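What follows is a set of notes on a single structure, which appears directly below.
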Amino acid sequence: MTETSTKYNSKNTEIKWYQYWLEHKLFKSVPDTREPFTIVIPPPNVTGVLHMGHILNNTIQDILIRRARMQGKNACWVPGTDHASIATEAKVVNKLAEEGIDKHSVSREEFMDHAWDWTHKHGGIILEQLKKLGASCDWDRTKFTLDKDLSESVIKVFIDLYNKGLIYRGIRMVNWDTKAKTAVSDEEVEYKDEKSKLYYVKYKIVDMNEYITIATTRPETILGDTAVCVHPDDSRYKHLHGKQVIIPLINREVPIIIDDYIDIEFGTGALKVTPAHDENDYRLGEKHNLQSFNVFNDNGTMSKEALLYENIDRFEVRKIITDDLDKAGNLVKIEDYTNRVGYSQRTQVPIEPKLSMQWFLKMQDIVKPAIEKVNDETINFSPKRFVNTYNHWMENIRDWNISRQLWWGHQIPAYYISGTNDFVVAENIETALKLAREKNKNNNLTINDLKQDEDVLDTWFSSWLWPISVFDGIRFPENEEIKYYYPTNVLATGHDIIFFWVARMIIAGYEFRNEFPFKNVYFTGMVRDEQRRKMSKQLGNSPDPLHLIDEYGADGVRFGMMLCSPAGGDLLYSDSLPEQGRNFLNKIWNAYRLTQSREVDDEIKQPEHSKIALDWFNEKFNEQIAKLDELYDTFKLSEALMLVYKLFKDEFSSWLLEIVKPDYQKPIDRKTFTRLNEYFEQLLQILHPFMPFITEELWHQLRKRNAGESIMISNMPKPKPFHSKIINNFDVAKDIITQIRTVRKEKNISYKTKFKLFYSDNTNSFNSELQSVIIRLCGIENFSKTDIKPEGATHFVVKKTEFFIPLGTLIDTDAEIKRLKEELNYAQGFLNSVLKKLSNERFVKNAPADVIEKETMKQADAEAKIKALEEQILNLNS
RNA sequence: GAUCCUUUAGCUCAGUUGGUUUAGAGCGCUUGCUUGACAGGCAAGAGGUCGGCGGUUCAAAUCCGCCAAGGAUCACCA
């Protein structure tokens with residue numbers, strides 16, 4: 001990039017400064033005497049790649065951490081990844097399958113080797129990608145949920161909860177993923193509306209020449225039926241109470257049971273009962289002591305117990321059995337029907353409800369502090385409305401199925417002694433042996449008599465400890481790091497994982513440290529396309545983030561993502577967003593070029609207009625950064641960025657720079673130059689959290705810096721008292737200037753043509769100090785007060801002051817009158833609304849004094865303005 | 001089905017405990033401006049009966065009720 005280039009080139013700059021930051025270890029944090037500011041990254045899937053959601057989420061975290069660092073806090077952002085049991089195992093299984101290897105033909109150890117190979121090869125790419133975004137994580141702290149220390153923490157917690165009696169093992173109806181061949185939690189099931197069929201099938205009654213017809217969406221489960229259920233009050237079936245029916249095709253005799261769970265109105269009012277494959281049927285089965293046949297294999301094909309169609313897929317069987325039922329004369333009819341089908345979030349196959357032995361965590365009691373501390377705002381949610389969602393889930397929480405029938409993950413530390421119900425829980429096999437010998441009072445037991453549970457723990461069972469375990473606070477609760485960094489300050493994450501993560505981390509925080517894991521939770525929205533569709537691979541509507549960074553610069557992308565991203569609200573992405581960011585980068589770059597483009601002359605005196613403008617900007621800046629702090633503190637980051645953007649673009653570039661700019665090729669005075677640079681530097685500082693690269697680049701160009709110095713550890717400007725009066729005065733000048741510009745435009749007068757400006761000020765309200773600024777920006781050759789209203793002049797009124805620009809023949813009197821009349825109209829309308837209030841007795845009686853005073857002042861101002869306008873119109877008419 | 005949220009300019013959103021001008025911003029749009037930091041720019045401008053109806057109040061985008069549309073979460077009947 002050359003000094004004279006009119007365009008900012010982000011690419012080289014970004015590589016250079018990220019290198020510099022790493023070299024000088026500027027992201028590194030170690031405990032010291034400063035106040036800590038901690039963020040733990042929501043760990044992405046180790047095999048994942050960066051998508052737009054990550055960009056948004058991590059930009060937010062980087063903004064918060066960079067600001068804290070510049071405020072002098074000891075900022076620590078801990079990066080890392082999670083092992084994503086199901087997703088990663090699926091990928092490894094697929095890879096093995098491609099090589100012709102079946103998972104079950106290799107040992108657990110061999111499989112784990114393959115999985116680690118895969119992880120080392122493909123894992124952590126996402127962290128490298130975050131560096132391109134400018135993420136200022138302390139990379140030396142990078143953690144992985146399967147690291148030794150984190151794994152030990154998970155096992156320790158399992159044992160602890162087991163010993164407290166909160167973890168139990170039991171047969172339950174679980175959500176079975178037939179592709180991953182594991183149970184998944186309720187939260188991992190997505191329901192979708194689906195067009196399906198309702199099949200009406202008749203079952204013969206034993207010893208009667210009669211049939212009972214049931215309706216089902218899943219005819220393949222008929223093979224597992226062990227009863228037909230009717231409502232006790234259903235008159236259609238009263239005569240069948242106590243009878244047996246024959247299951248078609250397999251001719252099994254099962255009872256007709258009676259239960260008021262039945263909805264008489266639905267279908268035929270008769271329900272087939274399949275206790276092994278439906279949650280409600282399971283309950284009926286328990287209540288009525290029914291048999292249970294598991295008609296599916298783990299992979300979703302029919303099992304031996306089905307008696308028919310063994311090893312054929314469940315959806316294939318649905319078609320076959322429909323035909324067979326038809327042939328056998330049992331199919332009555334088929335209707336179209338819409339119902340909701342659960343799909344596995346990970347593999348997108350339909351969930352099969354299945355009875356199986358799983359490990360559960362009792363939730364009822366351990367959620368209590370987590371509910372309380374969110375509701376009393378010990379933990380602050382932004383936006384607040386997510387507290388409702390949180391409460392709803394927490395108050396209806398069900399026990400958490402924490403076991404997964406997988407190998408990739410933390411193997412459950414339970415050791416079976418003999419059979420399946422005799423086991424001990426211990427952190428290793430040696431301790432397990434000791435416990436087993438004690439438990440069975442049998443010192444002859446050896447390690448060979450023990451067999452560890454095959455299953456692993458849910459990935460979230462390790463990530464819920466993340467804010468604690470990354471500082472090793474589970475294994476060593478009193479270590480310096482956990483005591484210094486915990487609790488953390490902010491968690492920034494998508495609202496879609498409020499239950500998976502946020503809620504469970506809060507639970508873990510209180511359970512294991514008796515303290516909240518983070519003070520604030522910032523929920524981001526979803527990134528969608530312009531039609532509000534979610535970004536997805538299938539639609540191909542998601543841009544490649546790295547490509548965007550390449551094209552618009554990381555700073556540009558960060559700007560684009562933040563500008564339109566209200567907390568919790570969805571972000572509708574379009575390329576115009578990073579484009580705006582890139583344009584702004586260019587603006588900053590060129591503003592810098594302007595400030596440095598002139599020779600500095602110590603001899604020339606500072607012009608008055610420059611001094612006035614600089615003084616004004618000083619006040620404006622202080623006013624704005626006070627607002628900025630407020631916006632940060634309430635997590636209104638989009639608004640914070642907008643404020644900085646406007647401050648730089650409008651106030652600094654368009655007003656200040658235009659005023660202090662010396663004439664073409666003339667030098668600039670020393671005083672102005674110095675102050676400009678001071679303000680420029682401060683602007684770079686407040687811009688830095690949002691756009692770290694360009695600000696670092698220009699901060700270094702601005703002055704010679706020592707090796708290792710960086711804007712990212714400079715002191716963030718603090719709000720100072722400011723004078724609103726100076727700001728308000730300047731606003732009047734802006735108003736006048738805008739009016740003059742409008743005159744030029746309407747009359748088509750070139751900016752090169754100079755003209756005279758007069759004002760008539762009976763009320764002495766015009767602050768003539770600002771004359772020099774107006775002259776500077778408006779090409780005025782003479783600006784003076786007059787008592788005689790000039791002929792052939794255009795008019796405007798600002799506040800109570802009338803202004804005249806004599807334009808001689810350029811004046812179109814009729815148009816002038818028309819414009820003034822419109823203005824008069826508005827002023828009169830306004831005055832009326834004020835008078836209406838003031839003439840209302842009850843208003844005058846009830847409203848507070850200051851409100852009435854304001855209204856009275858509005859009245860006076862409006863009347864003065866109307867008077868001025870009326871006079872002008874009168875003059876033009878005469 | 002239950003609970004909750006949203007509805008303000010063409011689009012995305014601000015708008016504090018009701019009262020500083022008959023509502024603001026960014027983008028988009030319209031018009032004008034090429035020697036001057038930047039056309040990836042500058043300047044000026046148009047555009048809204050604050051979803052609808054009713055109520056409370058001296059005063060409602062703001063509080064309350066009903067209705068309508070959209071969305072979210074949870075649950076789920078075969």
Side-chain angles (χ1 to χ4, degrees), chain A residues 6-8 186 191 198-199 214-218 221 229 261-263 265-274 278-281 337 339-340 383 385-393 396 495-496 498-499 530 532 556 563-566 568-572 574 576-577 579-580 582-598 634 636 638-639 641-643 645-646 653-654 657-658 661 663-665 737-739 741-746 748 750-751 826-827 829-834 836-837 840-848 850-852 854-855 857-858 861-862:
Chain A
T6 62
K7 287 182 180 158
Y8 170 66
D186 295 337
Y191 287 90
L198 196 56
Y199 302 84
I214 56 92
T216 180
T217 52
R218 303 200 58 195
T221 62
C229 187
Y261 156 77
I262 294 297
D263 178 356
E265 302 298 316
F266 190 89
T268 60
L271 170 73
K272 67 189 263 319
V273 183
T274 325
D278 184 280
E279 182 117 34
N280 298 304
D281 290 12
Y337 185 67
N339 65 343
R340 284 168 72 73
R385 62 189 151 93
F386 285 108
V387 173
N388 286 326
T389 311
Y390 175 86
N391 283 339
H392 187 258
W393 187 75
N396 297 289
H495 65 72
D496 52 332
I498 182 166
F499 308 132
E530 283 176 289
R532 284 199 180 266
L563 197 64
C564 274
S565 175
D570 290 342
L571 185 153
L572 274 49
S574 80
S576 72
L577 291 174
E579 200 179 299
Q580 226 188 120
R582 181 200 56 193
N583 294 352
F584 184 47
L585 289 174
N586 202 50
K587 183 78 188 173
I588 298 170
W589 175 248
N590 280 296
Y592 175 76
R593 285 177 60 232
L594 172 62
T595 61
Q596 307 305 312
S597 64
R598 302 302 165 77
T634 48
K636 293 178 178 170
S638 286
E639 287 177 61
L641 175 57
M642 183 60 77
L643 179 145
Y645 172 68
K646 284 197 281 190
S653 301
S654 296
L657 288 185
E658 288 301 328
K661 184 159 72 178
D663 287 334
Y664 185 51
Q665 290 189 331
I737 291 162
T738 300
Q739 292 277 5
R741 283 173 175 162
T742 311
V743 169
R744 279 196 186 273
K745 192 186 168 191
E746 280 175 0
N748 211 0
S750 152
Y751 278 78
Y826 177 90
F830 174 64
L831 178 63
N832 284 342
S833 77
V834 175
K836 210 171 122 193
K837 281 186 208 171
N840 185 330
E841 264 179 55
R842 283 183 297 183
F843 172 73
V844 180
K845 216 168 86 187
N846 293 322
D850 61 317
V851 173
I852 295 174
K854 271 176 203 159
E855 292 300 319
M857 268 172 64
K858 279 196 230 168
D861 283 359

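Letters go in sequence order (proteins before strands), and every chain restarts at 1. Remember, predicted model here, so these are calculated numbers, not experimental data.
- On the C1' atoms, B/U31 is 10 Å away from B/A46, given to the nearest whole Å.
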* Before giving the answer on side-chain contact (heavy atoms from CB on, under 4.5 Å), spell out for A/Asn339 and A/Leu198 the whole-Å C-alpha distance, their side-chain angles and the decisive distance to 0.1 Å. => CA-CA 10 Å; A/Asn339 65 343; A/Leu198 196 56; over 6 Å; no

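- Under 4.0 angstrom from either OP1 or OP2 of B/C38 there lies no side-chain N or O belonging to A/Ser653.
- The C1' atoms of B/G19 and B/U62 are separated by 11 Å, rounded to the nearest whole Å.
- Along RNA chain B, the nucleotide closest to A/Val844 and the one closest to A/Ser597 are compared, and the more 5′ of them pairs with A/Ser597.
- Rounded to the nearest Å, the gap between the C1' atom of B/U73 and that of B/C63 is 27 Å.
- Between the CZ atom in A/Phe386 and the CD1 atom in A/Ile498 there is a gap of 6.5 Å [rounded to 0.5 Å].
- One can place CG of A/Asp861 at 12 Å from P of B/U22, the figure rounded to the nearest angstrom.
- The residue A/Lys845 sits apart from the nucleic acid: no heavy atom pair falls under 4.0 Å.
- Put simply, A/Ser654 has a side-chain N or O that comes within less than 4.0 Å of OP1 or OP2 on B/A43.
- Nearest to the side chain of A/Val851, among B/G36, B/C38, B/G19, sits B/G19.
- Summarising the geometry, the separation between CG on A/Asn586 and P on B/G40 is reported as 9 Å, rounded to the nearest angstrom.
- Atom CD1 of A/Ile852 and atom P of B/A59 are 14 Å apart (whole Å).
- B/C50 and B/G10 have their P atoms separated by 13 Å, with the value rounded to a whole Å.
- Put simply, A/Lys745 has no side-chain N or O that comes within less than 4.0 Å of OP1 or OP2 on B/G45.
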* Structure fact -> Reading nucleotides 7-18 of chain B from 5' to 3' and marking B where a protein heavy atom lies under 4.0 Å of the base, S where only the sugar-phosphate is that close, and - otherwise, the string is -----SSSS---

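- Here B/C38 is the nucleotide among B/C38, B/G40, B/C58 with the atom lying nearest to any side-chain atom of A/Asn590.
- The closest donor-acceptor contact from the side chain of A/Asn590 to the backbone of A/Thr6 lies under 3.5 Å.
- For B/C38, its base sits under 3.5 Å from the side chain of A/Lys587 at one donor and acceptor pair at least.
- Here, B/G47 and B/C27 have their C1' atoms 14 Å apart, quoted to the whole Å.
- A pairwise comparison of heavy atoms in A/Leu563 and A/Leu641 identifies N-CD2, 3.8 Å as the closest pair.
- Distance OH (A/Tyr8) to P (B/C38): 19 Å, rounded to an integer number of Å.
- Between A/Asn583 and B/C38 there is no side-chain polar atom (N or O) within less than 4.0 angstrom of OP1 or OP2.
- The C1' atoms of B/G65 and B/U56 are separated by 11 Å, rounded to the nearest whole Å.
- Of all non-hydrogen atoms in A/Lys837 and A/Phe843, the two that sit nearest each other are O-CD2, 3.1 Å.
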* When every nucleotide of nucleotides 72-78 of chain B is labelled 5' to 3' by its protein contacts under 4.0 Å (heavy atoms), B for base, S for sugar-phosphate only, - for none, what sequence of letters results? -> -SSBBBB

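- Looking at heavy-atom distances under 4.0 Å, A/Thr738 makes contact with sugar-phosphate atoms alone, never a base.
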* Asked: Pairing of RNA chain B as dot-bracket, 5' to 3': ( ) intra-strand, [ ] crossing, | other strand, . unpaired, with Watson-Crick or G-U pairs under 3.5 Å?
  -> (((((((..((((.....[....)))).(((((.......))))).....(((((..]....))))))))))))....

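- If you find the closest nucleotide of RNA chain B to A/Lys661 and to A/Met642, the one lying nearer the 5' end belongs to A/Met642.
- Separating the P atom of B/A39 from that of B/U49 is a span of 38 Å, rounded to the nearest Å.
- The side chain of A/Tyr664 lies closest to B/G36, out of B/C38, B/G36, B/G40.
- For a distance-only test at 3.5 Å, the side chain of A/Lys854 fails to qualify as a donor-acceptor partner of the base of B/U21.
- Between A/Phe266 and A/Tyr337, the ring-plane angle classifies as perpendicular under the 30° and 60° cut-offs.
- Ring-plane geometry between A/Trp589 and A/Tyr8 is classed as tilted, the angle between the planes lying from 30 to 60 degrees on a 0 to 90 degree scale.
- You'll find that the side chain of A/Arg385 is closest to B/C5, out of B/C58, B/A37, B/C5.
- Nearest heavy-atom pair, A/Cys564 versus A/Leu571, reported as atom, atom and distance to 0.1 Å: O-CG, 4.1 Å.
- Nucleic acid contact for A/Arg582: base, since at least one base atom lies under 4.0 Å from a heavy atom of the residue.
- Within the structure, every side-chain polar atom (N or O) of A/Arg598 is placed at least 4.0 Å from both OP1 and OP2 of B/G36.
- For A/Val834 against A/Glu855, the heavy-atom pair with the smallest separation is CG1-O, 3.3 Å.
- A/Tyr390 places its OH atom 19 Å from the P atom of B/C4, with the value rounded to the nearest Å.
- B/A14 and B/U8 have their P atoms separated by 11 Å, with the value rounded to a whole Å.
- Listed nucleotides: B/C27, B/A37, B/G45. Nearest to the side chain of A/Gln580: B/C27.
- Distance, A/Leu643 CG to B/G24 P: 18 Å, rounded to whole Å.
- Across all strands shown, A/Tyr645 has heavy atoms under 4.0 Å from sugar-phosphate atoms exclusively, and none from any base.
- Of all nucleotides listed (B/C27, B/C58, B/U21), B/U21 comes nearest to the side chain of A/Phe830.
- Side-chain to base pairing of A/Glu658 with B/A43: no donor and acceptor N or O lie closer than 3.5 Å to each other.
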